[in-house]
Amino acid sequence: MDILKTITRWRLYHFLFWAAFFVVWITLRIDDYPDLTPTVLAGLLKVLSLAGAVYFTNYVLIPKFLYKKRYFTFLAVFTVLVGVTGFVVIKVLNWILLPYASTITHWPNATLNSQLYDVYIPLFFMVGAAAGIKFYIDQIRTLHHLQSALRAGAEQELQFLRSQINPHSLFNSLNTIYFLIHKENHLARETLLRFSDLLRYQLYECNTEKIDIAKEIAYLENYIALQRLRHDKQYDIQFEHSPDVKDFDIAPLLLMPFVENAFKHISHQAANSVHIQMARENGQFTFTVENTCEPKPQRTTGGIGLSNVKRRLELLYNGKHALQIVPGSEQFAITLTLQV
């Protein structure tokens, strides 16, 4: 089991496959060459050229053209790749066999037919087969991610519905409390209004896949305003967002766990701070949260809240996000970037 895990982790199966391919090729073609040395060199040439064409097709051409539905461009570039690779293989193989020219009775790839059947056609079909396998595996993975996202969405919706137990009665109760508070107590009335807005956002506006960033900002501003009331002046709490952070959608409540985590684990020393920043540039949204923490070994995962948001990012922004968590003894920081 440990060996299998190591092979999978380091993707050693790629090396094992090409090593096996090399051994099989040498075994089948050793009689076609005058000596062991040119046979080994020719085998290495075949393996390296085929592997290069396969990986270039699978990791460059397929994502760049095929998955973007540029089928004609993909086929054209793929054909050129096979042609150029085959031409290079023929020329290099001739150079390898040149010192043995006097002993070779049947020169490999001497005619156009032999070049087609021995180089170009096998190269085309083997690289094409590898591309087909890659495409099939990617489809299976995409289906798996979709199913995971659907299951996660169903679980989240169930939790959301459970949290909506008689929300109208809840808001009626809040309105009653609001009018019972004396009008001169502006702070209490304002606090209750902000709390009501937080609940309304969670109960009514978050039941969608995406929401306007302006609403998410307003929600965070209400939450941070409540946190300012809970902390005295020795806490430096800042929330900054550039004017460019607008006109795009984001998954609802995606940013909230980072902010909650900052206030939950803020330090209680003489100087305490929570700094939150948002920026947008060249189609990339950057969200940064920094907070002071107690001088002790800091967690690296951030608990259940950060674990959940990591999973949401994997499901909703797979390949379109980067999350950097920098724990420290007195400072904790996260930086989230999204392609929007």
Side-chain angles (χ1 to χ4, degrees), residues 141-142 144-164 197-227 237-241 245 248-266 273-280 283-293 297-328 331-340:
R141 288 176 177 171
T142 301
H144 175 72
H145 282 301
L146 180 60
Q147 291 174 342
S148 298
L150 290 175
R151 285 196 298 269
E155 293 173 359
Q156 185 179 7
E157 183 176 2
L158 179 60
Q159 294 176 358
F160 177 79
L161 292 174
R162 287 173 178 171
S163 68
Q164 279 190 302
D197 288 339
L198 290 176
L199 286 178
R200 184 176 290 105
Y201 181 80
Q202 293 184 18
L203 293 176
Y204 295 121
E205 298 190 38
C206 291
N207 196 19
T208 59
E209 293 183 1
K210 295 291 182 67
I211 198 166
D212 191 274
I213 186 63
K215 294 184 178 180
E216 190 78 359
I217 291 175
Y219 176 75
L220 291 178
E221 286 177 335
N222 281 329
Y223 178 82
I224 293 169
L226 292 178
Q227 293 299 320
I237 301 174
Q238 299 180 18
F239 180 29
E240 301 175 355
H241 49 89
V245 183
F248 66 91
D249 294 337
I250 191 173
L253 299 177
L254 185 68
L255 309 177
M256 189 61 184
F258 301 113
V259 179
E260 287 181 329
N261 192 68
F263 284 103
K264 179 180 179 181
H265 298 282
I266 192 173
S273 65
V274 174
H275 292 171
I276 304 168
Q277 290 183 323
M278 293 182 179
R280 183 189 183 192
Q284 183 169 281
F285 170 66
T286 304
F287 179 69
T288 304
V289 180
E290 298 178 348
N291 65 279
T292 55
C293 55
Q298 185 71 5
R299 65 213 172 283
T300 57
T301 59
I304 296 177
L306 289 187
S307 298
N308 288 344
V309 77
K310 285 180 182 178
R311 182 57 179 159
R312 289 189 68 198
L313 286 168
E314 291 175 0
L315 294 174
L316 300 174
Y317 294 91
N318 185 30
K320 296 182 179 180
H321 80 280
L323 177 61
Q324 182 181 14
I325 299 178
V326 183
Q331 187 87 6
F332 190 87
I334 70 98
T335 300
L336 172 65
T337 57
L338 302 174
Q339 296 180 19
V340 297

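Values in this document were obtained by computation on a predicted structure and should not be read as measured data.
- Side-chain atoms of F332 and H265, non-hydrogen and from C-beta on, never get closer than 4.5 Å to each other.
- Atom CG of residue L315 and atom CZ of residue R312 lie 9.5 Å apart, to the nearest 0.5 angstrom.
- With values rounded to the nearest 0.5 angstrom, T288 atom OG1 is found 12.5 Å from H275 atom NE2.
- Two residues are said to be in side-chain contact when any heavy atoms from C-beta on lie closer than 4.5 Å; I237 and F263 meet this criterion.
- The two residues G319 and Q339 come nearest to each other via the heavy atoms O-NE2, 4.0 Å.
- For K215, the salt bridge (charged side-chain N to carboxylate O under 4.0 Å, His left out) partners two or more places apart in sequence, or in a different chain, are E205.
- In this structure, I217 CD1 and I276 CD1 are separated by 11.5 Å, a value rounded to the nearest 0.5 Å.
- The backbone N or O of V340 lies less than 3.5 Å from no partner atom in the side chain of Q284, so there is not a single donor-acceptor pair.
- Within the 4.5 Å cutoff, no side-chain heavy atoms of I211 are placed close to those of Y219.
- Between M278 and L220 there is a side-chain heavy-atom pair separated by less than 4.5 Å.
- The two residues E216 and M256 come nearest to each other via the heavy atoms OE2-N, 4.4 Å.
- Residue pairs satisfying the salt bridge (Lys or Arg N to Asp or Glu O under 4.0 Å) criterion with at least one member in residues 248-264, sequence neighbours excluded, are absent.
- In plain terms, the two heavy atoms of A262 and V289 that are nearest each other are CB-CG1, 3.6 Å.
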CA sep, side-chain torsions, deciding dist, call: V259, V274, side chain to side chain contact (heavy atoms under 4.5 Å, CB included): CA-CA 9 Å; V259 179; V274 174; 5.9 Å; no

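- Between A251 and L316, the shortest heavy-atom distance links the atoms CB-CD1, 3.7 Å.
- Checked against L338 for a side-chain contact (heavy atoms from CB on, under 4.5 Å), the options K320, H321, R280 give a single hit: H321.
- Rounding to the nearest 0.5 Å places CD1 of I250 at 8.5 Å from NZ of K210.
- Looking at L313 and L336, their side chains come closer than 4.5 Å, going by heavy atoms from C-beta outward.
- The CZ atom of F287 sits 7.5 Å away from the CZ atom of F258 when rounded to the nearest 0.5 Å.
- Counting heavy atoms from C-beta on, the side chains of I325 and K310 come closer than 4.5 Å.
- Listed for the T292 side chain is a donor-acceptor partner under 3.5 Å among the backbone atoms of S273.
- For Q147, the CD atom is densely surrounded, since the number of other residues' heavy atoms within 6.0 Å is greater than 12.
- In this view, E314 and R311 satisfy the salt bridge (charged side-chain N to carboxylate O under 4.0 Å, His left out) rule, not counting sequence neighbours.
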